[in-house]
Amino acid sequence: GNSVTQMEGPVTLSEEAFLTINCTYTATGYPSLFWYVQYPGEGLQLLLKATKADDKGSNKGFEATYRKETTSFHLEKGSVQVSDSAVYFCALTNGGATNKLIFGTGTLLAVQP
Amino acid sequence: DVKVTQSSRYLVKRTGEKVFLECVQDMDHENMFWYRQDPGLGLRLIYFSYDVKMKEKGDIPEGYSVSREKKERFSLILESASTNQTSMYLCASIWANSGEQYFGPGTRLTVT
């Protein structure tokens, strides 16, 4: 079945450091891939998405490229800020009428000043 | 802006009580979802609904039921709450054939 594996946290970085959070997936067909972010005390919100191979999603300085050959969708940011501290979830959907999402377990990012 | 609201942010219930968690969305979305979020397990799908009065079990439906009498409202019911249902519950909605789910702020339920 479909699944998402992402690196375990917590990831602790200093402000302005480079961030990578790894995500790999297993899926049949051609899934759409997502990164969601959950700030403390809030629900999840979409950070970025990619719907086909070699697409790059980007938002708020974050980027992720849909790599079909390595079944990966790693999240990167060149210079993190304290305000980026949150839990990040990688997810996929194979679409269809119900659009169920399959989530990874989440990675906690803590950025220190 | 799409808004998904949940009836409570925090809830404390006793073992054996019947618990209702309400979710309302204001964007006429067809599909709605209930997840629970636990540390180290990510989000797990409990139930979803793709139309009024239509529902399907997700990955962990045991101990839960749902109700969708109106398009904008999707309720999660714990018939007899147990301590292992202490968790964060998240509701989401989506247009059919769209990629993005919109989430509510979550309800942190504690069953004592």
Side-chain angles (χ1 to χ4, degrees), chain A residues 1-10 21-25 27 29-52 55 57 59 64 66 73 86-108 110, chain B residues 1-10 21 23-25 29-51 54-61 66 68 74 87-108:
Chain A
N2 296 344
S3 66
V4 175
T5 303
Q6 60 182 105
M7 62 188 290
E8 288 193 23
I21 300 178
N22 290 337
C23 172
T24 57
Y25 66 90
Y30 302 93
S32 294
L33 302 174
F34 305 83
W35 278 100
Y36 280 81
V37 59
Q38 185 179 33
Y39 298 104
E42 297 183 14
L44 278 68
Q45 54 186 275
L46 180 67
L47 180 60
L48 53 84
K49 69 179 182 182
T51 57
K52 61 183 189 296
D55 266 3
N59 186 25
Y66 188 145
F73 192 54
V87 181
Y88 293 82
F89 291 91
C90 186
L92 68 81
T93 179
N94 267 332
T98 54
N99 268 300
K100 287 190 289 182
L101 280 169
I102 308 295
F103 286 92
T105 54
T107 301
L108 173 64
Chain B
D1 262 1
V2 175
K3 187 164 279 187
V4 180
T5 57
Q6 296 184 228
S7 51
S8 305
R9 294 298 301 270
Y10 300 93
L21 303 182
C23 175
V24 177
Q25 51 95 0
H29 286 169
E30 291 91 350
N31 299 344
M32 298 186 74
F33 304 80
W34 274 106
Y35 298 90
R36 63 177 283 176
Q37 180 182 8
D38 300 288
L41 298 176
L43 273 73
R44 295 179 291 168
L45 182 64
I46 304 171
Y47 266 96
F48 65 99
S49 168
Y50 50 90
D51 203 348
M54 306 301 286
K55 60 188 179 186
E56 282 197 24
K57 294 179 180 179
D59 300 317
I60 51 163
V66 290
R68 192 161 180 207
F74 190 36
S87 186
M88 170 71 87
Y89 291 87
L90 291 165
C91 174
S93 73
I94 190 173
W95 256 337
N97 302 320
S98 161
E100 179 182 352
Q101 289 193 7
Y102 293 87
F103 283 83
T107 296
R108 185 165 294 284

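Naming convention: chains lettered A, B, ... in sequence-line order (proteins, then strands); numbering from 1 in each chain.
Note: B:Q37 CD to A:F89 CZ = 4.0 Å, rounded to the nearest 0.5 Å. Between the CD1 atom in B:I94 and the CG atom in A:L101 there is a gap of 6.5 Å [rounded to 0.5 Å].
Using a 4.5 Å cut-off on side-chain heavy atoms (C-beta onward), A:Y36 and B:Q101 make contact.
Remark: A:Y39 OH is packed, more than 12 non-hydrogen atoms of other residues, nucleotides or ligands lying under 6.0 Å away. Other residues, nucleotides and ligands contribute at most 12 non-hydrogen atoms within 6.0 Å of the CD atom of A:E8.
In summary, of the residues considered (B:Y35, B:Y102, B:F103), a side-chain contact (heavy atoms from CB on, under 4.5 Å) with A:L44 occurs for B:F103 alone.
Within the 4.5 angstrom heavy-atom criterion, only side-chain atoms of A:Q38, from C-beta onward, approach chain B. Interface residue B:L43: backbone and side-chain heavy atoms are both found under 4.5 Å from chain A.
A pairwise comparison of heavy atoms in B:F48 and A:K100 identifies CE2-CD, 3.4 Å as the closest pair.
No other option in B:R108, B:Q6, B:R44, B:R9 has as many heavy-atom pairs under 4.5 Å with chain A as B:R9. Looking only at heavy-atom pairs under 4.5 Å with chain B, the residue among A:G9, A:G104, A:G41 that has the most is A:G41.
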